[in-house]
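Notes follow once the structure below has been shown.
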Number of protein chains: 2
Amino acid sequence: MPRTSSTRAPGGAVTLQQVATVAGVSLATASRVLHGSGGRKVAEALAERVTAAAAELRYVAHAPAQSLARSRSTVVGVLVHDIADPYFAAIAAGAMDVAREYDLMVLVANTFRDPGLERDYLARLRAQRARAVLLAGSAFVGEPFAEEVAAFAESGGRVAAIGAHGTGIDTVEPDQYGGGRLIAEHLVGLGHREIGVITGPAGLATVAQRLAGFTSVVAAPRLGHADFTREGGRAATHELLGRHPELTAIFALNDLMAAGALAALRELGRPVPEQLSVAGFDDLPVATDVTPALTTVRLQLADIGARAMRLLLDDEPVGRLVPAPAELVVRDSTGQASTLH
Amino acid sequence: MPRTSSTRAPGGAVTLQQVATVAGVSLATASRVLHGSGGRKVAEALAERVTAAAAELRYVAHAPAQSLARSRSTVVGVLVHDIADPYFAAIAAGAMDVAREYDLMVLVANTFRDPGLERDYLARLRAQRARAVLLAGSAFVGEPFAEEVAAFAESGGRVAAIGAHGTGIDTVEPDQYGGGRLIAEHLVGLGHREIGVITGPAGLATVAQRLAGFTSVVAAPRLGHADFTREGGRAATHELLGRHPELTAIFALNDLMAAGALAALRELGRPVPEQLSVAGFDDLPVATDVTPALTTVRLQLADIGARAMRLLLDDEPVGRLVPAPAELVVRDSTGQASTLH
DNA sequence: GTGGGGGTGGAAAGCGCTTTCCGCCTGCGA
DNA sequence: TCGCAGGCGGAAAGCGCTTTCCACCCCCAC
């Protein structure tokens with residue numbers, strides 16, 4: 001249809017004005033037909049002309065202009081430490097699902113656990129006038145980050161967090177403490193007394209809580225330190241067993257590190273769970289991919305992400321705290337304490 | 001400082017006008033100081049007053065307004081089938097890294113392999129006037145999707161794809177065909193003659209290419225069909241071995257399904273690789289988490305994502321094709337063909 | 001001492017859309 | 001027949017920013 005090529009601006013996008021002109025109506029009428037909030041009626045005939053013109057020109061509204069005019073945007077932000085980490089990927093997927101229900105686009109920001117970047121991205125999300133932002137990574141405690149969060153809220157955006165992010169914002173709180181406790185009780189029930197724990201990045205609330213839950217049952221586990229990665233878990237296991245050969249069980253604070261621990265024990269020729277038991281946390285897909293399958297704590301990550309997003313998008317007052325349960329999943333990587341020592 | 005509380009609009013965000021007023025300069029000057037493209041100079045003294053005021057008020061520019069005025073936005077889009085799939089998560093992470101270099105925000109759209117949603121998201125990315133969009137999922141062939149891609153490009157955005165997405169757009173092309181071939185040659189070299197292949201979603205270019213590479217060496221493998229998931233791979237393995245007990249090797253078209261195959265074989269009590277060899281594709285982290293570790297084809301996914309994003313953001317003419325190598329990684333899941341049959 | 005030019009601040013015109021008014025037209029009742 | 005209310009289209013005023021253009025000032029050269 002030659003109409004199309006002659007009407008559309010060569011290099012640029014189609015504007016509402018062009019649609020209105022083609023339809024032979026005013027800008028205002030075109031706007032009412034295409035994006036009208038329903039409050040105002042437009043005659044059938046005109047409306048049809050407008051929608052036809054819009055379709056013919058492949059018109060889509062200029063979202064930034066709409067944001068400006070309506071002073072509300074259609075994007076939400078999700079702040080994660082690393083989207084390639086399946087833990088965050090699962091949360092993000094759940095959140096994105098809900099965002100789609102609400103017809104919102106999702107800006108994902110990868111912070112690499114860098115507090116500076118985190119602040120920076122939050123400021124940029126504020127610049128975008130994102131309607132809401134989900135802080136999916138547990139915070140480092142005591143940052144000036146709180147100030148940036150406040151600025152975001154003050155400029156009209158909503159904030160929710162997974163895990164403890166301070167007061168005044170909606171929070172979905174996975175039962176990290178309870179999960180740590182469950183693993184401890186499970187291991188103790190199997191007769192383990194000498195247990196090593198491989199921790200994650202210092203300062204992460206998640207780490208502190210999981211560990212606290214564990215130590216509420218097992219007072220003084222041997223600690224090894226890693227960074228929540230498979231490779232870190234492997235190295236820490238070697239190191240920990242070097243220092244404490246008497247251990248009969250290892251609790252890695254996430255599944256990734258537990259997988260690494262399993263690899264290390266294979267290298268050392270120490271059978272799991274016959275000689276050493278291993279437990280993880282999160283119940284990521286990797287937990288069932290490894291052999292033996294990991295005993296771990298299930299967090300319903302996609303659901304957690306989804307619920308956090310719902311908190312952001314409903315119109316209830318803020319400051320709610322939604323607990324998310326942790327569930328013990330016993331698989332093959334844990335067994336009776338070996339009597340070899 | 002009481003100044004802050006009295007100057008900032010109670011409910012809304014700080015505007016440039018407010019900053020200008022506080023600094024005692026005009027709107028134009030404030031704009032030049034804070035976002036000036038360098039072409040125009042502003043006296044030291046004034047500039048300092050402006051930056052001070054901006055900092056004091058925690059001013060960040062209204063991005064939609066800026067997009068409108070400059071008619072260029074600072075967001076790019078990434079279209080993936082499922083961000084929770086580590087394959088796409090890795091690509092997205094690589095792409096986001098590069099986007100950060102360019103100071104761009106990334107809108108991630110999860111399409112769940114639904115062609116309708118894919119089109120829809122692309123239109124919405126066009127609405128956002130995203131500067132560029134990365135099509136990370138290999139296309140379903142022959143969709144009206146192409147039309148939407150054209151509309152996006154026409155409205156001034158750039159488009160790049162991972163895998164074959166048609167002509168006229170930049171493409172990073174992983175050597176899927178070559179990878180399939182490498183696995184075939186490897187298995188044949190080990191003496192395997194009866195080989196099963198577990199394929200992925202029909203219509204996916206990736207699937208066709210990997211399979212084509214394989215069959216260029218092994219003419220007529222037994223085919224089982226699955227959906228690129230671990231569970232699908234498991235079920236398909238049971239089914240395939242039921243039909244063809246004579247198989248000595250199984251090639252799953254991705255690592256997730258290969259992990260499922262391993263699980264199935266464990267259930268069947270058939271040792272890998274002594275009795276059956278298994279190979280995957282992608283070299284995802286899971287490949288080294290399983291036991292035995294998977295022989296697979298390495299695709300440098302993060303790098304692929306990063307290179308695609310660079311294609312989008314440089315100013316070269318479009319239509320380039322960048323090949324990405326596939327590399328055979330031999331691990332423990334493949335061995336000499338068993339002589340039991 | 002006056003004219004001209006370079007440099008710098010400010011006014012104002014958009015960018016594409018929403019939304020408030022305003023005014024016209026129609027239809028109804030008196 | 002006229003008045004008035006209700007319905008609906010259009011003009012226009014923004015939303016917050018960029019950028020062009022104009023005006024002004026100061027300094028220098030003649």
Side-chain angles (χ1 to χ4, degrees), chain A residues 8-9 11-50 53-54 57-74 124 126-129 131 155-156, chain B residues 8-9 11-50 53-54 57-74 124 126-129 131 155-156:
Chain A
R8 182 180 294 183
V14 181
T15 72
L16 185 56
Q17 181 55 258
Q18 296 176 38
V19 173
T21 304
V22 169
V25 300
S26 78
L27 187 56
T29 301
S31 174
R32 281 195 273 257
V33 172
L34 296 176
H35 317 294
S37 34
R40 195 65 149 56
K41 227 173 291 178
V42 172
E44 269 305 295
L46 285 201
E48 271 171 26
R49 290 220 311 269
V50 170
L57 299 177
R58 289 193 140 300
Y59 171 75
V60 293
H62 191 297
Q66 253 177 336
S67 297
L68 185 57
R70 293 192 173 141
S71 49
R72 77 200 311 245
S73 81
T74 58
R124 301 188 55 178
R126 175 155 65 101
Q128 297 288 342
R129 297 305 187 268
R131 218 191 268 189
S155 76
Chain B
R8 182 180 295 184
V14 181
T15 72
L16 186 55
Q17 181 57 257
Q18 296 175 38
V19 173
T21 305
V22 169
V25 301
S26 78
L27 188 56
T29 301
S31 174
R32 282 195 271 257
V33 171
L34 296 176
H35 317 294
S37 34
R40 194 67 148 57
K41 226 172 291 176
V42 172
E44 270 305 294
L46 285 201
E48 271 171 26
R49 292 221 309 269
V50 172
L57 298 176
R58 288 195 140 299
Y59 170 76
V60 294
H62 190 297
Q66 253 177 337
S67 297
L68 184 57
R70 294 193 172 138
S71 49
R72 76 199 313 242
S73 80
T74 57
R124 302 187 54 177
R126 175 155 66 101
Q128 297 288 341
R129 297 304 187 266
R131 218 191 269 190
S155 76

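All values below were derived from every heavy atom in this structure, side-chain atoms included, with hydrogens, water molecules and symmetry-related copies excluded. A, B, ... follow the sequence lines: proteins, then strands. Residue 1 opens every chain.
The shortest heavy-atom contact between B:V19 and B:A54 is CG1-N, 3.8 Å. Taking both residues in full, the closest heavy atoms of B:Q18 and B:A13 are given as NE2-O, 3.8 Å, listed atom of the first, atom of the second, then distance.
Applying the salt bridge (charged side-chain N to carboxylate O under 4.0 Å, His left out) criterion to B:R124, with sequence neighbours excluded, gives A:D103. Residues meeting the side chain to side chain contact (heavy atoms under 4.5 Å, CB included) test with B:L27, sequence neighbours left out: B:L16, B:Q17. In this structure A:T15 satisfies the side chain to side chain donor-acceptor pair (under 3.5 Å) test with no other residue, sequence neighbours excluded. Every residue two or more places apart in sequence or in another chain was checked for a side chain to side chain donor-acceptor pair (under 3.5 Å) with A:S71, and none qualifies.
When side chains are defined from C-beta on, A:Q128 counts as touching B:T74, because their heavy atoms get closer than 4.5 Å.
Of the candidates B:V25, B:L46, B:V50, B:V33 forms a side-chain contact (heavy atoms from CB on, under 4.5 Å) with just one, namely B:V50.
Bending across the helix from C:dG1-D:dC30 to C:dA30-D:dT1, expressed as the angle between its end axes from five pairs apiece, amounts to 60° (10° rounding).
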Original post:
In the 5'-to-3' direction, what one-character label does each nucleotide of nucleotides 11-17 of chain C receive under the scheme B = base within less than 4.0 Å of a protein heavy atom, S = sugar-phosphate only, - = no such atom?
Top reply: B--BBBB
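Atom CD in A:E44 sits roughly 16 Å away from atom C1' in D:dG9 (whole-Å rounding).
Contact annotation: A:T29 side-chain N/O to D:dG9 OP1/OP2 distance is not under 4.0 Å.
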